[in-house]
Amino acid sequence: MWEDPQVKKPCPFIAVEGAIGAGKTTLATMLAERFDFPLLKEIVEENPFLDKFYQNIEEWAFQLEMFFLCNRYKQLEDTVKNYVSRGLPVVSDYHIYKNWIFAQRTLQGDKREKYRQIYHLLTDDLPKPNVIVYIRAELATLLKRIEKRGRSFEQDIDPGYLERLIEDYETAITQIQTREPETVVITIDGNMLDFVEHPEHFEQIVAKIKEHL
Ligand SMILES: Nc1ncnc2c1ncn2[C@@H]1O[C@H](COP(=O)(O)OP(=O)(O)O)[C@@H](O)[C@H]1O
Ligand SMILES: Nc1nc2c(ncn2[C@H]2C[C@H](O)[C@@H](COP(=O)(O)O)O2)c(=O)[nH]1
């Protein structure tokens with residue numbers, strides 16, 4: 001297909017997504033290094049609610065989801081100011097929609113509705129990534145990687161919760177593709193492609209992304 005060289009492509013705002021343990025942070029870090037783009041990285045260790053949440057999801061879900069939402073809002077506000085609005089590229093290890101993917105799974109009734117309203121109020125006018133690298137991985141892969149990562153509070157995660165999140169991610173990616181057809185979604189087989197151990201797998205991913213930059 002002929003492309004007009006005068007037509008400038010939008011500056012890359014790349015988000016790496018996938019369920020817990022799929023390899024988002026690892027891949028986003030490698031991509032940021034390879035392309036020499038700044039990295040927007042989720043802060044997990046200082047989260048005061050995660051430990052409590054995994055012990056009692058119903059009790060702590062609202063606090064946890066609000067904490068993630070407010071943190072990501074602040075991070076993205078800074079990212080927009082420092083990079084996106086200046087036409088500078090950036091790689092992120094999450095998409096803001098991640099908040100709503102999790103909240104739909106963990107919140108019910110009144111709390112979900114309150115959260116939904118706040119979520120839209122905070123995020124509707126934020127610039128969204130124009131490239132999503134979606135790592136699709138099955139339960140066995142996620143369990144193996146969660147074990148490998150070794151965070152104590154994640155070791156007893158209910159596999160049923162992970163299975164539902166895998167489905168939630170599939171639905172969410174389809175929703176994004178329908179709602180924002182201009183967003184490029186690159187789906188990676190996280191079970192087969194091991195970009196940590198096999199440099200050639202990483203090169204395949206880089207080549208796919210380069211097609212869209
Ligand atoms: N493709 C891969 N092959 C093998 N191990 C991986 C791969 N991707 C990530 N890991 C390992 O799995 C664990 C979880 O990866 P991480 O990037 O933290 O996942 P996420 O950010 O999606 O939760 C880490 O210990 C990481 O080193
Ligand atoms: N309930 C929610 N949990 C979340 C959210 N974002 C992250 N998390 C959890 C899942 C993992 O235990 C840990 C790190 O996330 P990764 O996706 O990087 O593995 O935090 C959320 O929005 N809600």
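As the structure lists them, so they are numbered: ligands from 1, and atoms in each ligand from 1. If you're wondering where the values come from, they're calculated on a predicted model, not measured in any experiment.
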Salt bridge (Lys or Arg N to Asp or Glu O under 4.0 Å) contacts touching residues 77-105 (sequence neighbours left out): Glu42-Lys98, Lys74-Asp78, Arg105-Asp168

Salt bridge (Lys or Arg N to Asp or Glu O under 4.0 Å) contacts in which one or both residues fall within residues 130-142, not counting sequence neighbours: Arg136-Glu170

Which residue owns the protein heavy atom closest to [atom], what's the atom, and how far is it?
{"atom": "atom 26 (C) of ligand 1", "result": "Thr26 OG1, 3.6 Å"}
{"atom": "atom 10 (N) of ligand 1", "result": "Arg145 CD, 3.5 Å"}
{"atom": "atom 5 (N) of ligand 1", "result": "Lys148 NZ, 2.9 Å"}
{"atom": "atom 3 (N) of ligand 1", "result": "Asp194 OD1, 2.9 Å"}

Pocket residues of ligand 2, ordered first by chain and then by residue number (heavy-atom cut-off under 4.0 Å): Ile20, Gly21, Lys24, Val44, Leu50, Phe53, Tyr54, Leu64, Glu65, Phe68, Arg72, Lys98, Phe102, Arg149, Arg151, Glu154, Tyr161

For [X] and [Y], test the side chains for any donor-to-acceptor distance below 3.5 angstrom and give the result as yes or no.
{"X": "Glu200", "Y": "Gln204", "value": "no"}
{"X": "Asn130", "Y": "Thr183", "value": "no"}
{"X": "Asn71", "Y": "Gln75", "value": "no"}

Within 45° cone of Phe202 ring axis and under 6.0 Å: Arg34 NZ or CZ: no

Cationic tip of Arg179 above Tyr97 ring, under 6.0 Å, 45° of axis: yes

Whether Gly18 lies under 4.0 Å from ligand 1, heavy atom: no

4.0 Å heavy-atom contact, Val196 with ligand 1: yes

ILVMFWY cluster, Val91 and Leu126 together (side-chain gap under 4.5 Å): no

Where ligand 1 meets Gly23 - atom numbers and elements under 4.0 angstrom, heavy-atom basis: 8 (N), 9 (C), 15 (O), 16 (P), 17 (O), 19 (O), 20 (P), 22 (O)

Atoms of ligand 1, numbered as shown, that sit under 4.0 Å from any heavy atom of Arg149: 16 (P), 18 (O), 19 (O), 20 (P), 21 (O), 23 (O), 25 (O)

Ring pair (Phe, Tyr, Trp, His ring centres under 6.0 Å) involving Phe35 - partner list, sequence neighbours excluded: Phe37

CD (Gln177) with more than 12 external heavy atoms under 6.0 Å: yes

Derivation of the side-chain contact (heavy atoms from CB on, under 4.5 Å) call for Tyr115 and Thr106: CA-CA 11 Å; Tyr115 179 93; Thr106 65; over 6 Å; no

Ligand 1 N/O within reach of Ala22 N/O, cut-off under 3.5 Å: yes

Leu27 N/O under 3.5 Å from ligand 1 N/O: no

